[in-house]
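Structure, as structure tokens:
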Amino acid sequence: SLELFSSVIRDTPVDSGRARGNWQTTTGLAASSTTEREDRSGESATREAEQVIKDSGLEDPIFMSNNLPYIEPLESGSSAQAPEGMVKRNFARIRRIIQSKLPR
């Protein structure tokens, strides 16, 4: 989970840092609001993800969400900084890693 979440945060295009700062990691329910956090480096959002993952149990669903109105266009490649998006490309990468570890 942390590898996926931190990669998504790191791949999120940066202008003010608001898009990176709005990645919110929660358990139980996905975040439904935005935050004013600006996080150009992604360190704060990544630390939050790490702490939530560390504090959750094996059965706890973990959510990563970003509710900014322009996050979907960014995911669809509207930024030259992330023409392949952030979530789908990292999800595909993690899926390939997991599949390579499964017995054949």
Side-chain angles (χ1 to χ4, degrees):
S1 296
L2 184 57
E3 172 65 25
L4 174 61
F5 292 2
S6 63
S7 296
V8 168
I9 294 165
R10 186 176 47 251
D11 285 354
T12 300
V14 177
D15 183 10
S16 67
R18 188 132 190 259
R20 279 190 181 171
N22 262 273
W23 285 113
Q24 300 174 70
T25 306
T26 56
T27 57
L29 295 172
S32 59
S33 62
T34 62
T35 175
E36 295 301 315
R37 177 172 60 190
E38 291 185 1
D39 187 10
R40 290 181 60 82
S41 69
E43 288 180 32
S44 181
T46 301
R47 276 195 309 272
E48 175 184 278
E50 185 174 17
Q51 191 63 52
V52 169
I53 291 166
K54 179 182 170 190
D55 292 345
S56 65
L58 290 176
E59 301 296 320
D60 295 333
I62 302 171
F63 297 90
M64 180 184 202
S65 54
N66 190 319
N67 296 299
L68 289 174
Y70 54 87
I71 203 67
E72 286 187 41
L74 288 177
E75 176 63 23
S76 296
S78 69
S79 171
Q81 292 180 40
E84 297 177 25
M86 306 83 65
V87 177
K88 63 185 164 208
R89 89 180 268 275
N90 281 294
F91 191 78
R93 183 178 61 82
I94 296 295
R95 181 183 292 150
R96 286 191 303 273
I97 291 169
I98 291 169
Q99 288 175 338
S100 75
K101 305 291 184 194
L102 295 174
R104 300 200 175 224

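One-based numbering along the sequence shown.
A salt bridge does not link E43 to R20: none of the charged nitrogens lies less than 4.0 Å from a carboxylate oxygen. Salt bridge E38/R18: absent, no basic N to carboxylate O contact under 4.0 Å.
Distance check, rounded to the nearest 0.5 Å: CD1 of I94 to CD of Q99 gives 12.0 Å. Separating the CG atom in D39 from the OG1 atom in T46 is a distance of 7.0 Å, to the nearest 0.5 Å. To the nearest 0.5 Å, atom CD of residue Q51 and atom OG of residue S56 are 10.0 Å apart. Distance check: F5 CZ to Q24 CD gives 12.5 Å after rounding to the nearest 0.5 Å. The distance from the OG atom of S6 to the CZ atom of R47 is 13.5 Å, given to the nearest 0.5 Å. Considering CZ of R40 and CG of D15, their distance stands at 7.0 Å, rounded to 0.5 Å.
Put simply, the side chain of R37 never gets that close to the backbone of A19: no donor and acceptor are under 3.5 Å apart. Side-chain N or O atoms of E84 include none that pairs as donor or acceptor with a backbone N or O of G77 at under 3.5 Å.
Summarising the local packing, CG of L102 is surrounded by more than 12 heavy atoms from other residues, nucleotides or ligands at distances under 6.0 Å.
Residues W23 and V87 meet the side-chain proximity criterion, which asks for heavy atoms closer than 4.5 Å. Within the 4.5 Å cutoff, no side-chain heavy atoms of T27 are placed close to those of F63. In this structure, N22 and I71 have side chains that are not in contact, with every pair of non-hydrogen atoms separated by 4.5 Å or more. Between I9 and M64 the shortest side-chain heavy-atom distance falls below 4.5 Å.
Screening L74, V14, T12 for a side-chain contact (heavy atoms from CB on, under 4.5 Å) with Q81, the sole residue that qualifies is V14.
No continuous path of hydrophobic side-chain contacts links V52 to L29 [ILVMFWY only; heavy atoms under 4.5 Å].
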Show the numbers, then the answer: is there a side-chain contact (heavy atoms from CB on, under 4.5 Å) between T25 and I62? CA-CA 7 Å; T25 306; I62 302 171; 3.8 Å; yes
side-chain contact (heavy atoms from CB on, under 4.5 Å) between S65 and N67, worked out: CA-CA 6 Å; S65 54; N67 296 299; 4.2 Å; yes
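With sequence neighbours excluded, the residues forming a side chain to side chain contact (heavy atoms under 4.5 Å, CB included) with R93 are E3, S7, N90, R96, I97, listed by chain and number.
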